Amino acid sequence: EAIKASEQKYRDLVDNMNEVVYTVDEHGMLTFANAAIESLLGYTPSEATGKHFTDFVYRDDSPLAIQKAESVQSGQPQQNEYRLLHKSGEIRWIQTSSRPMNTGDGSVGVQGILMDMTERKLAEQALRESEEAVRAIIETSRDWIWAIDLDGKHTYTNPAVKEILGYTEDEIIGGQSLDLIHDDDRKRVEESLREWIQNQQGWNNLVIRWRHKSGGYRYLE
């Protein structure tokens, strides 16, 4: 009775977890899943158990999932990310932590935890798409867009520098920005640049002369 009560106590704890707890036998068949699987994949535990674990894996990720499961069965705990399919057909990103499990008859299965990473993955994808869109705008802008580090060295320039000052991107990046400024304007910039950086303040309407590769100067705001 005490053993049964203890088992029920731990089963209740597992069923109340937000993460999916699962076990798979040596043939890859799901032998246990807690209640959280319904929130993650839309299947009740009774619907999910008895299916092969690859039935839930997005087809493009099946080879990876099988490879990792075989590694776990050979005695190597794993932490991986891949895609599963919700009952509705929706793709869910998960992170799985798994380890080998002795089934009692000499064979080795897998036990582990699944954590839903879908929102994080979608946020990362949205961020990448946003960054790509901004980069496309910057790269095609006809205005010269650049960045310098705290020592005044160019760390980025868009291609417009070629049209405006005649230099390639490789000729600009790594060089000192002040070296391209007319001597009469350079002192004014040097006096203010350190203060601008220290106070993290920008500047506007600053018109100075930049040396063109041909030797002349261009007034740039």
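Just so it is clear, the structure is predicted and the values come from calculations on it, not from any experiment.
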Practice item. Evaluate the criterion salt bridge (charged side-chain N to carboxylate O under 4.0 Å, His left out) for residue pair E47 and K87; output intermediate values, then yes/no. Key: CA-CA 10 Å; E47 289 176 321; K87 190 177 183 179; 3.1 Å; yes

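- Annotation: side chain of L84 is not in contact with side chain of Y58 (no heavy-atom distance under 4.5 Å).
- H154 and W146 have their aromatic ring centers within a separation under 6.0 angstrom.
- Between the side chain of T49 and the main chain of P45, a donor-acceptor pair closer than 3.5 Å is present.
- Put simply, Y82 and L41 are part of the same group of oily side chains (I, L, V, M, F, W, Y) that touch within less than 4.5 Å, one to the next.
- Linking ILVMFWY side-chain heavy atoms closer than 4.5 Å, directly or via other members, places L150 and I172 in a single hydrophobic cluster.
- Under a 3.5 Å cut-off, the side chain of R92 and the backbone N or O of L40 do form a donor-acceptor pair.
- Using a cutoff of 4.0 Å between basic side-chain nitrogens and carboxylate oxygens, D185 and R188 are scored as salt-bridged.
- How far CG of N158 is from CD1 of I164: 7.5 Å, rounded to the nearest 0.5 Å.
- Here Q95 contributes atom CD and M115 contributes atom CE; the two are 4.0 Å apart, rounded to the nearest 0.5 Å.
- Annotation: the span from S177 atom OG to R186 atom CZ amounts to 8.5 Å, rounded to 0.5 Å.
- Expressed to the nearest 0.5 Å, how far CG of D25 lies from NE2 of H52 amounts to 8.0 Å.
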Exercise for review: List the steps, then state whether side chain to side chain contact (heavy atoms under 4.5 Å, CB included) holds for L178 with E190.
Suggested key: CA-CA 8 Å; L178 291 172; E190 282 181 318; 3.6 Å; yes

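- With contacts defined as side-chain heavy-atom distances shorter than 4.5 Å, the pair E169/P159 qualifies.
- Although no hydrogens or angles enter the test, the distance criterion places a donor-acceptor pair under 3.5 Å between the side chain of D149 and the main chain of D151.
- Taken together through direct or relayed side-chain contacts under 4.5 Å among Ile, Leu, Val, Met, Phe, Trp and Tyr, V110 and F53 form part of one hydrophobic cluster.
- D143 contributes atom CG, which lies 10.5 Å from atom CD of E221 (distance to the nearest 0.5 angstrom).
- Linking ILVMFWY side-chain heavy atoms closer than 4.5 Å, directly or via other members, places I148 and L220 in a single hydrophobic cluster.
- Under a 3.5 Å cut-off, the side chain of Q73 and the backbone N or O of E26 do form a donor-acceptor pair.
- Counting only N and O atoms by type, the side chains of T96 and Y22 include a donor and acceptor under 3.5 Å apart.
- Between R211 and D179, none of the side-chain N atoms (NZ, or NE/NH1/NH2) sits under 4.0 Å from a carboxylate O, so this pair counts as no salt bridge.
- A side-chain N or O of T31 and one of T23 form a donor-acceptor pair less than 3.5 Å apart.
- Side-chain contact check for N102 versus V108: some heavy-atom pair is nearer than 4.5 Å.
- Remark: the S192 side chain and the W203 side chain contain no N/O donor-acceptor pair separated by less than 3.5 Å.
- Residues I208 and Y219 form no side-chain contact, since every pair of their non-hydrogen atoms from C-beta on lies 4.5 Å or further apart.
- In summary, the side chains of E38 and T44 do not present any donor paired with an acceptor at a separation below 3.5 Å, with no hydrogens or angles considered.
- By the 4.0 Å N-to-carboxylate-O rule, E124 lies close enough to R120 to be salt-bridged with it.
- Residues D170 and T168 have side chains that never bring a donor and an acceptor to within less than 3.5 angstrom of each other.
- For H212 (side chain) and S214 (main-chain N/O), a donor-acceptor pair under 3.5 Å exists by modelled atom type.
- Annotation: side chain of Q125 is in contact with side chain of E129 (closest heavy-atom distance under 4.5 Å).
- Two residues are said to be in side-chain contact when any heavy atoms from C-beta on lie closer than 4.5 Å; V72 and Q76 fail this criterion.
- Proximity of Y156 to I138: side-chain heavy atoms (C-beta onward) are separated by under 4.5 Å at one or more points.
- When hydrophobic clusters are built by joining Ile, Leu, Val, Met, Phe, Trp and Tyr residues whose side-chain heavy atoms come closer than 4.5 Å, directly or via intermediates, L64 is not grouped with I91.
- Heavy atoms only, all atoms of each residue included: A48 and I37 are closest at CB-CD1, 3.7 Å.
- Here the CG atom belonging to N80 is positioned 8.5 Å from the OG atom belonging to S97, to the nearest 0.5 angstrom.
- A distance-only check finds a donor-acceptor pair linking the side chain of T140 to the backbone of A136 [under 3.5 Å].
- Using cut-offs of 30° and 60° for the angle between ring planes, the Y43 and F56 rings count as perpendicular.
- Ion pairing of E81 with K121 is present here, as a side-chain N (NZ or NE/NH1/NH2) and a carboxylate O approach within less than 4.0 Å.
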